[in-house]
Chemist: 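Submitted below is the structure of interest, expressed as structure tokens.
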Amino acid sequence: MAFFQRAGKHERDLKWARIWFKQLATFHHRRQDVDWRFSAGDVIAFSKDQRDRGVPAWKRQSMVQGLIVFRQSVQNLSSTDLIPIHQKLGEIAAWERAQDEGAETIEDIVGKINPREADVIQQLRRKLRFHGKKYSTEKAYVGKVKAFMRARGLKCSADFANVGGPDVESYLTDLAVDGNVAPSTQNQAFHALLFLFEHVFKRDIGRIQALRASKGKQIPTVMSADEIRRVFLHLDGTALIIAKLLYGCGLRISEALRLRVKDIDFDNQLIEIHQSKGSKSRIVPLPEDLVEPLKRTLNSRRALHEQDVADGVASVWLPYSLAKKYPNAPSEWRWQFVFASHRLSKDPRTHEMHRHHLHRDTFPNHLRRAVERAKVPKAVTSHTFRHSFATHLLHEGTDIRMIQELLGHKDVATTMIYTHVVNRDDVAVVSPLDRMASAMKPKPTAPGSNEQLDSGPSAPESELQSAGDNGVGHPLLESADGARPRWWQKWFAVPYRNTG
């Protein structure tokens, strides 16, 4: 039965493919001969004519799909040149569907754009928002493109007509050589320019072989349990709760700040993390030590929310189009941020007023002062708690796959970096310096015995240095028959040299 269904579907597709081919041939005044090899330009001209006649984009996309089937099944030709047309019509069809669902203008989809900015920057912002990029990514990409435009003297999109891959390659090389920027900065500039040319100008800049900024292997900074305890003693209130969340659950600072009321499950002692790095979600255990502090925080947060509702200003930012799909959601309690700001703020895209979460710089300022007062001589940041969380779990014998799930890493190779900072009990690594010092310590002698054991020298270091080369003549370094003791042969591969 399934075979006949597939065969029937293929026959229907082929039937519509022949119909669209006949209409295309009629439009171009060509004979309806299967040997006519129509080009992408012929399809575009026909699609524009259908658009002018009021044919919707989804139907024109179906037309292109039929012509692709006709090429492959009837003419046995490649249809790679028609695929971009099919994809573009799909984007237009999606925008038309958004209009039908209530989005009246493009601003309802991507937000308001500053008309005073350069046209290329306005187009870049629209594309970034259309693809669902975060606002932090938008700010970074716009900044990198503006820097590129200043360096090359570009003012508008028309100036990019003669700009291509070699200009991008030269600019990235200048960043690495003259600018001496960090590798992440150069990579960000590369991806910003790549997005600009691919999605705004619809051009391929080819392969970029710029001189890349080198990035060495980074070892994470990890605090000991005693250092973390000392830092906690100099934090209080919301800052202390956030710090305990970072260390107790392995959260990023952005994940902690974006926690909403609905994400905390006290009954099952779980915390849901949504839309984290890489648009991934995960669940982490809620530490017992944080249950009561979080309940007190939510009680005070509830009072603030009820005041906002009474004042008619209760609103919170929601991702994607949830605010349009659920009009009451921005004012509902379960969608509110746990760590909310004490004042309302304006959405930079829609210019609407919301009760947003704490600013990303608020907690780092408290943490910096706490680290100074605790006298911890390390470069401690918010991410250090996440590193310490993973390292301490690994030190206690937790499976690395479990740590990978708790951290939300896509690849276990990312989690493996923490194996480089752990002193494991099952792998004994003793420094050669400690071995030498242990061997040179005199062993205890039996009571009443004056016999000198051959476990190592007991004379001061100055006496050893006063001996001649190779320790010749010193009673501790040379036995009666001229041979060195066993401890000397074991630990020193080269003869002793007088460095005094």
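Note that the structure is predicted; figures quoted are calculated from it, not measured.
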Chemist: Look only at the side chain of Ser73 and the backbone of Val69, and say whether a donor-acceptor pair between them is shorter than 3.5 Å.
Modeler: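 Yes, Ser73 side chain to Val69 backbone: donor-acceptor pair under 3.5 Å.
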Chemist: Can you confirm whether more than 12 heavy atoms, excluding those of Asp361, are under 6.0 Å from its CG atom?
Modeler: yes
Chemist: Under 6.0 Å from the NZ atom of Lys134, do we count more than 12 heavy atoms belonging to anything else shown?
Modeler: yes
Chemist: Indicate the atoms forming the closest heavy-atom contact of Ile242 with Ala256, along with that distance.
Modeler: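 For Ile242 and Ala256, the tightest heavy-atom pair comes out as CG2-CB, 4.5 Å.
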Chemist: So, for Ala40 and Leu82, which heavy atoms are closest and what is the spacing to 0.1 Å?
Modeler: CA-CD2, 4.0 Å
Chemist: Quick one: does Arg60's side chain have a donor or acceptor within less than 3.5 Å of a partner on Val55's backbone?
Modeler: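 Flag set: sc Arg60 to bb Val55 pair under 3.5 Å.
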Chemist: Are side-chain heavy atoms of Ser47 and Val64 found at a separation under 4.5 Å?
Modeler: no
Chemist: Counting N and O atoms only, with roles assigned by atom type, does the side chain of His131 sit under 3.5 Å from a partner on the main chain of Lys127, one being a donor and the other an acceptor?
Modeler: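 Here the side-chain-to-backbone pair exists.
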Chemist: Just by modelled atom types, is the Ile271 backbone N or O under 3.5 Å from a matching donor or acceptor in the Asp265 side chain?
Modeler: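 Here the side-chain-to-backbone pair does not exist.
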Chemist: Look at Glu255 together with Arg282 and state whether they make a salt bridge at an N to O cut-off of under 4.0 Å.
Modeler: yes
Chemist: Below 4.0 angstrom, N of the basic side chain to O of the carboxylate: do Arg37 and Asp42 qualify?
Modeler: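 Looking at Asp42 together with Arg37, the answer is no, because their closest N to O distance does not fall below 4.0 Å.
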Chemist: So, does Asp167 use its side chain to make a donor-acceptor pair with the main chain of Gly164 at under 3.5 Å?
Modeler: yes
Chemist: Between Leu358 and Ala340, which heavy-atom pair has the shortest distance, and what is it?
Modeler: CD2-O, 3.6 Å
Chemist: Decide ring-ring contact (aromatic ring centres under 6.0 Å, His included) for His191 and Tyr141; before the verdict, give the C-alpha distance in whole Å, the side-chain angles of both, and the deciding distance to 0.1 Å.
Modeler: CA-CA 8 Å; His191 289 292; Tyr141 277 25; 7.6 Å; no
Chemist: To the closest 0.5 Å, what do you measure between CZ (Phe190) and CG (Leu175)?
Modeler: 13.0 Å
Chemist: Side chains of Leu14 and Val74: closer than 4.5 Å at any heavy-atom pair?
Modeler: yes
Chemist: On the 0 to 90° scale, with breaks at 30° and 60°, tag the His305-Trp333 ring pair as parallel, tilted or perpendicular.
Modeler: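 Ring orientation, 0 to 90° scale: tilted.
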Chemist: For Ser78 versus Arg71, what's the shortest heavy-atom pair and its separation?
Modeler: O-NH1, 3.1 Å
Chemist: Contact between Leu367 and Ser382 at the side-chain level, heavy atoms closer than 4.5 Å - yes or no?
Modeler: yes
Chemist: Can you list the steps and then say if Leu154 with Val120 is a side chain to side chain contact (heavy atoms under 4.5 Å, CB included)?
Modeler: CA-CA 10 Å; Leu154 306 175; Val120 61; over 6 Å; no
Chemist: Report yes if the side chains of Glu117 and Lys146 come closer than 4.5 Å at any heavy-atom pair, otherwise no.
Modeler: yes
Chemist: Would you check, one step at a time, whether the test side-chain hydrogen bond (donor to acceptor under 3.5 Å, both in side chains) holds for Ser315 with His354?
Modeler: CA-CA 5 Å; Ser315 178; His354 297 299; 2.7 Å; yes
Chemist: Any side-chain heavy atom of Glu352 within less than 4.5 Å of one from Lys346?
Modeler: no
Chemist: Just wondering, do Cys249 and Pro287 contact through their side chains at under 4.5 Å, heavy atoms?
Modeler: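 Pro287 reaches Cys249 side chain to side chain.
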Chemist: What residues form a side chain to side chain contact (heavy atoms under 4.5 Å, CB included) with Pro293, not counting sequence neighbours?
Modeler: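 If we apply the side chain to side chain contact (heavy atoms under 4.5 Å, CB included) test to Pro293, skipping adjacent residues, the hits are Ile241, Arg296.
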Chemist: Output all residues satisfying ring-ring contact (aromatic ring centres under 6.0 Å, His included) with Phe70, sequence neighbours left out; order by chain, then residue number.
Modeler: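 Residues passing ring-ring contact (aromatic ring centres under 6.0 Å, His included) with Phe70: Phe21.
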Chemist: When you look at Arg302 and Glu306, which way does the salt bridge (Lys or Arg N to Asp or Glu O under 4.0 Å) test go after all the steps?
Modeler: CA-CA 6 Å; Arg302 186 70 179 255; Glu306 291 176 353; 3.8 Å; yes
Chemist: Counting distance only, does the side-chain N/O of Ser276 pair as donor-acceptor with the main-chain N or O of Ser281 below 3.5 Å?
Modeler: no
Chemist: Could you go step by step and tell me if Leu124 and Val142 meet the side chain to side chain contact (heavy atoms under 4.5 Å, CB included) rule?
Modeler: CA-CA 7 Å; Leu124 177 62; Val142 168; 4.1 Å; yes
Chemist: With a 6.0 Å cut-off (strictly less than), is the heavy-atom count around NZ of Lys155, excluding the residue itself, greater than 12?
Modeler: no
Chemist: Compare every heavy atom of Arg360 with every heavy atom of Pro364, then report the nearest pair and how far apart it is.
Modeler: CD-O, 3.2 Å
Chemist: Can any side-chain N or O of Asp399 pair as donor or acceptor with the backbone N or O of Arg401 at less than 3.5 Å?
Modeler: yes
Chemist: Quick one, Arg203 with Glu198, criterion side chain to side chain contact (heavy atoms under 4.5 Å, CB included). Give me CA distance, side-chain angles, the key distance, then yes/no.
Modeler: CA-CA 5 Å; Arg203 288 160 49 189; Glu198 285 188 351; over 6 Å; no
Chemist: Dump the intermediate steps for side chain to side chain contact (heavy atoms under 4.5 Å, CB included) on Val316 and Arg355, then the final yes or no.
Modeler: CA-CA 5 Å; Val316 69; Arg355 177 77 66 180; 5.8 Å; no
Chemist: Start with the C-alpha gap between His274 and Glu272, add the side-chain angles, then the distance that decides, and say whether side-chain hydrogen bond (donor to acceptor under 3.5 Å, both in side chains) holds.
Modeler: CA-CA 6 Å; His274 296 287; Glu272 299 177 4; 2.9 Å; yes
Chemist: Strictly distance-based, threshold 3.5 Å: is any side-chain N or O of Arg258 a donor or acceptor partner for the main-chain N or O of Gln275?
Modeler: yes
Chemist: Would Arg31 count as a cation-pi partner of Trp36, with NZ or CZ less than 6.0 Å from the six-membered ring centre and within 45° of the ring normal?
Modeler: no
Chemist: Give the ring-plane orientation class for His387 versus Tyr418, where under 30° counts as parallel, over 60° as perpendicular and anything between as tilted.
Modeler: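 Answer is tilted, since the angle falls between 30° and 60°.
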Chemist: Is there side-chain contact between Thr173 and Ser170, with heavy atoms separated by less than 4.5 Å?
Modeler: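 No. Closest side-chain heavy atoms not under 4.5 Å.
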Chemist: Tell me which one of Gln188, Met149, Gln186, Lys139 satisfies side chain to side chain contact (heavy atoms under 4.5 Å, CB included) with Lys144.
Modeler: Gln188
Chemist: Using a strict cut-off of less than 4.0 Å between a Lys/Arg side-chain nitrogen and an Asp/Glu carboxylate oxygen, indicate whether Asp49 and Arg53 qualify as a salt bridge.
Modeler: yes
Chemist: Strictly under 6.0 Å, is that where the ring centroids of His392 and Tyr247 end up?
Modeler: yes
Chemist: Give a yes or no on whether the backbone of Leu286 and the side-chain of Gln269 come within a donor-acceptor separation of less than 3.5 Å.
Modeler: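 Checking the backbone N and O of Leu286 against the side chain of Gln269, a donor-acceptor pair under 3.5 Å is found.
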Chemist: When you check the gap from the basic side-chain N to the acidic O, do Arg126 and Glu138 get nearer than 4.0 Å?
Modeler: no
Chemist: With side chains defined as the heavy atoms from C-beta onward, is the minimum distance between Arg260 and Gln336 less than 4.5 Å?
Modeler: no
Chemist: More than 12 heavy atoms of other residues, nucleotides or ligands under 6.0 Å from CE of Met402: yes or no?
Modeler: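 Count not over threshold, so no.
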Chemist: Treating Arg334 as the side-chain partner and Val261 as the backbone partner, does any N or O pair qualify as donor plus acceptor under 3.5 Å?
Modeler: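 No.
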Chemist: Establish, yes or no, whether the cationic atom of Lys295 lies under 6.0 Å from the six-membered ring centre of Phe266 and within 45° of the ring axis.
Modeler: yes
Chemist: Examine His28 together with Phe38 and report whether their ring centres are nearer than 6.0 Å.
Modeler: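 That pair fails the under 6.0 Å test.
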Chemist: Testing Trp317, Trp335, Phe339, Phe337 one by one against His357 for a ring-ring contact (aromatic ring centres under 6.0 Å, His included), which residue passes?
Modeler: Phe337
Chemist: Would you please test His409 and Thr415 for side-chain hydrogen bond (donor to acceptor under 3.5 Å, both in side chains) and show each step?
Modeler: CA-CA 7 Å; His409 288 163; Thr415 318; 2.8 Å; yes
Chemist: Please name the pair of heavy atoms, one in Met223 and one in Ser388, separated by the smallest distance, quoted to 0.1 Å.
Modeler: N-OG, 3.2 Å
Chemist: If you count every heavy atom of other residues, nucleotides or ligands that lies below 6.0 Å from Lys262 atom NZ, does the total exceed 12?
Modeler: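 More than 12 within 6.0 Å, yes.
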